[in-house]
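Read through the structure below, which is laid out as structure tokens, and then see the notes.
First listed ligand is number 1; within each ligand, the first listed atom is number 1. Residues: numbered from 1 along the sequence shown.
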Amino acid sequence: MLLGVIADDFTGASDIANTIAKGIAPEGGLRTVQYLGVPAAPAAADVEAGVISLKSRSIPAAEAVAQSLAALDWLLAQGCRQIVFKYCSTFDSTPEGNIGPVGVALARRLDVRGVIACPAFPDAGRSVYMGHLFVGNRLLNESGMEHHPLNPMTDPDLRRWLARQGTGPVGLIDWPTLQRGTVATRAALDAAAARGEQLVIADAIRNDDLLALAEACADARLLTGGSGIALGLPRNFIRRGAAHGGTPDVRGIGGPEAILVGSCSRATRAQIERHRASHPVFAIDVDQVMEGRLTAQDIVAFIRANRDTAPLAYSSSDPDQVAALQKKYGRETVAHTLDALFASAAKELFESGTRRIVVGGGETSGAVVSALGITSFRIGPEIDPGVPVLVSEAGAGLGMALKSGNFGAEDFFAKALDAISGTGADAR
Ligand SMILES: Nc1ncnc2c1ncn2[C@@H]1O[C@H](COP(=O)(O)OP(=O)(O)O)[C@@H](O)[C@H]1O
Ligand SMILES: O=C(O)[C@@H](O)C(=O)COP(=O)(O)O
């Protein structure tokens, strides 16, 4: 294994696994596997990139650090030459952590400084300029992310946000420096390291900027960022002759389907509305869930009753309703109750033969996949930017798509089910 990734949630992991498996033309990508948690056994010999999915984005910082270091140990034991810490392209975190503490802990363990921190993902509209994160043409804190149920992002200044997480001084490679080329960028990173800056925010507004950063960091032991930061990394290995390039084959998965959605993000809510126009949908009443009057059995019954018609069950609400529910029951309590609800519905559906499951939302995906007992996925074709088809490596066969809240076109959900069943050797 050449390249190892520690991802702080499951959708984020499949996003970066997609980037690495796909690579860029003409070289292509690396043979990539997404692992669900730190594997108990060594990787298969043919795997060139391993992406470990943690569920560490919203847990206490000390636990996130411990899990990330365990993932690092496993990746190093597989021979990884380069490590990426993958977090959200909208920098999802709170002032208490976890991006800063995990980034610093990994840097310390690897004994490196001047480590890139760049959440930019231009294909999904995320860009960083002068250390500030934009979503489309809005600053992060005016993009809808200020209403996120678990980590409201209220400040677009990434250096300031990281500093609040106790990282010590944070550097900046600004866009003009990046434009001066690889040598200047490397020199700026070295200077940041010499000043004791462990993490360095890097600007990037186009894919070319991400490729330039990857070139400047070809020998870096550690990078951190969104999936975009990995865009040019496979090419580094392939050009040096360490990997062959190309893309892997995966087989399509047919069978009964379910769509489960706990994301309350703006894009997801629009996708649900689009799906509703021509498919059965079940709006989960959160009050009823909290009072124990609506259970996983109700979701399972709805999905079974609507087999072959792309049934979708969702708890998603608009920001006002989310705020009211959180005030009534507590932020963590609502989230954990709903995550557990989706997890047990998915488990029952899988055990009774559902073979295509699409999930909306990172936390929701983490809860669902953990309940299914799947340990690894091969990466299939990209459905929309950042969301690939996933096919389980072992067992009865399960095809999934784990959609980040903000990703995907409006027709995503129906398209994802088709992509899972249509996945073939020639689909990539
Ligand atoms: N109606 C709701 N009110 C409050 N919280 C909700 C509601 N529906 C879902 N949630 C919770 O909000 C969180 C959404 O996060 P996540 O699944 O990561 O979505 P995203 O990818 O959009 O961030 C989940 O923990 C989910 O259980
Ligand atoms: O970088 C991204 O935006 C995604 O890969 C990601 O991490 C998504 O997280 P969720 O929005 O919680 O699904």
**Study point:** Contacting atoms of ligand 2, where contact means under 4.0 angstrom from a heavy atom of D15
**Key:** 1 (O), 2 (C), 4 (C), 5 (O)
Review point. Do the charged groups of D15 and R126 touch, with an N to O distance under 4.0 Å?
Key: no
Study note, to complete from the structure: atom 11 (O) of ligand 2 has as its nearest protein heavy atom S404 OG, 3.2 Å
Study note, to complete from the structure: Nearest non-hydrogen protein atom to atom 18 (O) of ligand 1, with distance, is E363 N, 2.7 Å
Point to revise | Least distance between heavy atoms, L76 atom then R221 atom | key: CD2-NH2, 3.5 Å
Practice item. For ligand 1, find out whether one of its N or O atoms is nearer than 3.5 Å to an N or O atom of S317. Key: yes
Review point. In this structure, which one of N151, I99, L150 forms a side-chain contact (heavy atoms from CB on, under 4.5 Å) with T94?
Key: N151
Exercise for review: Measure I16 to ligand 2 on non-hydrogen atoms and call it side chain, backbone, both or neither using the 4.0 Å cut-off.
Suggested key: neither
Practice item. Give yes or no for whether the N/O distance cutoff of 3.5 Å, strictly under, is met between G362 and ligand 1. Key: yes
Check your understanding: Can you tell me which residue and heavy atom of the protein come closest to atom 8 (N) of ligand 1, and the distance to 0.1 Å?
Key -> S315 OG, 2.8 Å
Review point. If you measure from the Lys or Arg side-chain nitrogens to the Asp or Glu carboxylate oxygens, is any gap between D384 and K415 under 4.0 Å?
Key: yes
Exercise for review: Check whether any heavy atom of H336 sits under 4.0 Å from an atom of ligand 1.
Suggested key: no
Check your understanding: Considering only heavy atoms of S263, which atoms of ligand 1 have at least one such atom less than 4.0 Å away?
Key -> 19 (O), 20 (P), 22 (O)
**Study point:** Which of the ligand 2 atoms, numbered from 1, are nearer than 4.0 Å to a heavy atom of D9
**Key:** 7 (O), 9 (O), 10 (P), 12 (O), 13 (O)
Study note, to complete from the structure: min-distance protein heavy atom vs atom 9 (C) of ligand 1 -> G262 O, 2.9 Å
Point to revise | Nearest heavy atoms of A346 and L372, plus distance in Å | key: O-CD2, 3.6 Å
Practice item. Output yes when E363 and K55 qualify as a salt bridge under the 4.0 Å nitrogen-oxygen rule, no when they do not. Key: yes
Point to revise | Salt bridge present between E351 and K347 (N-O < 4.0 angstrom) | key: yes
Review point. Is any NZ, NE, NH1 or NH2 atom of the basic residue among D9 and K86 found under 4.0 Å from an Asp or Glu carboxylate oxygen of the other?
Key: no
Check your understanding: Quick one: do R113 and E197 make a salt bridge, cutoff under 4.0 Å?
Key -> no
Check your understanding: What is the nearest protein non-hydrogen atom to atom 6 (C) of ligand 2, stated with its residue, atom name and distance?
Key -> C88 SG, 3.6 Å
Review point. Angle class for the H275/H279 ring planes (parallel below 30°, perpendicular above 60°, tilted otherwise)?
Key: parallel
Check your understanding: For ligand 1, which atoms have a heavy atom of S265 less than 4.0 angstrom away?
Key -> 20 (P), 22 (O)
Exercise for review: Within a distance under 4.0 Å of any heavy atom of L325, pick out the atoms of ligand 1 and give their elements.
Suggested key: 1 (N), 3 (N)
**Study point:** Which segment of V334 sits under 4.0 Å of ligand 1 when only heavy atoms are counted
**Key:** side chain
Review point. Quick one: nearest non-hydrogen protein atom to atom 12 (O) of ligand 2, plus distance?
Key: R57 NH1, 3.0 Å
Review point. With a cut-off of 4.0 Å, which atoms of ligand 1 are near a heavy atom of P149?
Key: 12 (O)
Review point. Would you call R109-D73 a salt bridge at under 4.0 Å N-O?
Key: yes
Review point. Where's the contact between F121 and ligand 2, heavy-atom distance under 4.0 Å: side chain, backbone, both or neither?
Key: neither
Practice item. Kindly write out the residues that satisfy salt bridge (Lys or Arg N to Asp or Glu O under 4.0 Å) with R138, not counting sequence neighbours, or none if the list is empty. Key: E142
**Study point:** S316 to G262 - nearest heavy-atom pair and separation
**Key:** OG-C, 4.2 Å
Exercise for review: State whether the shortest distance between N or O atoms of T90 and N or O atoms of ligand 2 falls below 3.5 angstrom.
Suggested key: no
Point to revise | Pair Q165, S93: side-chain N/O donor-acceptor within cut-off below 3.5 Å | key: yes
Study note, to complete from the structure: The protein heavy atom nearest to atom 17 (O) of ligand 1 is T364 OG1, 2.7 Å
Review point. What atoms in ligand 2 come closer than 4.0 Å to a heavy atom of K86?
Key: 1 (O), 2 (C), 4 (C), 5 (O), 6 (C), 7 (O)
Review point. Roughly how far, to the nearest 0.5 Å, is CG of L338 from CG of L260?
Key: 12.0 Å
Point to revise | Heavy-atom donor-acceptor pair, E291 side chain to V286 backbone, under 3.5 Å | key: no
Revision key, fill the gap. re atom 23 (O) of ligand 1, the protein heavy-atom contact at minimum distance is H148 NE2, 2.7 Å
Revision key, fill the gap. Nearest non-hydrogen protein atom to atom 13 (O) of ligand 2, with distance, is T11 OG1, 2.8 Å
Study note, to complete from the structure: Nearest non-hydrogen protein atom to atom 27 (O) of ligand 1, with distance, is D339 OD1, 2.7 Å
Study note, to complete from the structure: Ranked by distance from atom 7 (C) of ligand 1, the top protein heavy atom is L338 CD1, 3.3 Å
Exercise for review: For S89, take its heavy atoms, then give the atoms of ligand 2 lying under 4.0 Å from any of them.
Suggested key: 1 (O), 2 (C), 3 (O)
Practice item. Identify, by atom number and element, the atoms of ligand 2 in contact range of F407, meaning under 4.0 Å from any of its heavy atoms. Key: 2 (C), 3 (O), 4 (C), 5 (O)
Exercise for review: Would you mind listing which atoms of ligand 1 come within a distance below 4.0 Å of any non-hydrogen atom of G405?
Suggested key: 20 (P), 21 (O), 22 (O)
Study note, to complete from the structure: Result for side-chain contact (heavy atoms from CB on, under 4.5 Å) between L390 and one of I420, I379, N18 points to I379
Review point. Would T268 count as a contact of ligand 1 if the rule is a heavy atom under 4.0 Å away?
Key: no
Practice item. For A335, take its heavy atoms, then give the atoms of ligand 1 lying under 4.0 Å from any of them. Key: 25 (O), 27 (O)
Check your understanding: At what distance, to the nearest 0.5 angstrom, does CG of L213 lie from CG of L231?
Key -> 10.5 Å
Point to revise | Atoms in ligand 1 with a heavy atom of V286 nearer than 4.0 Å | key: 1 (N)
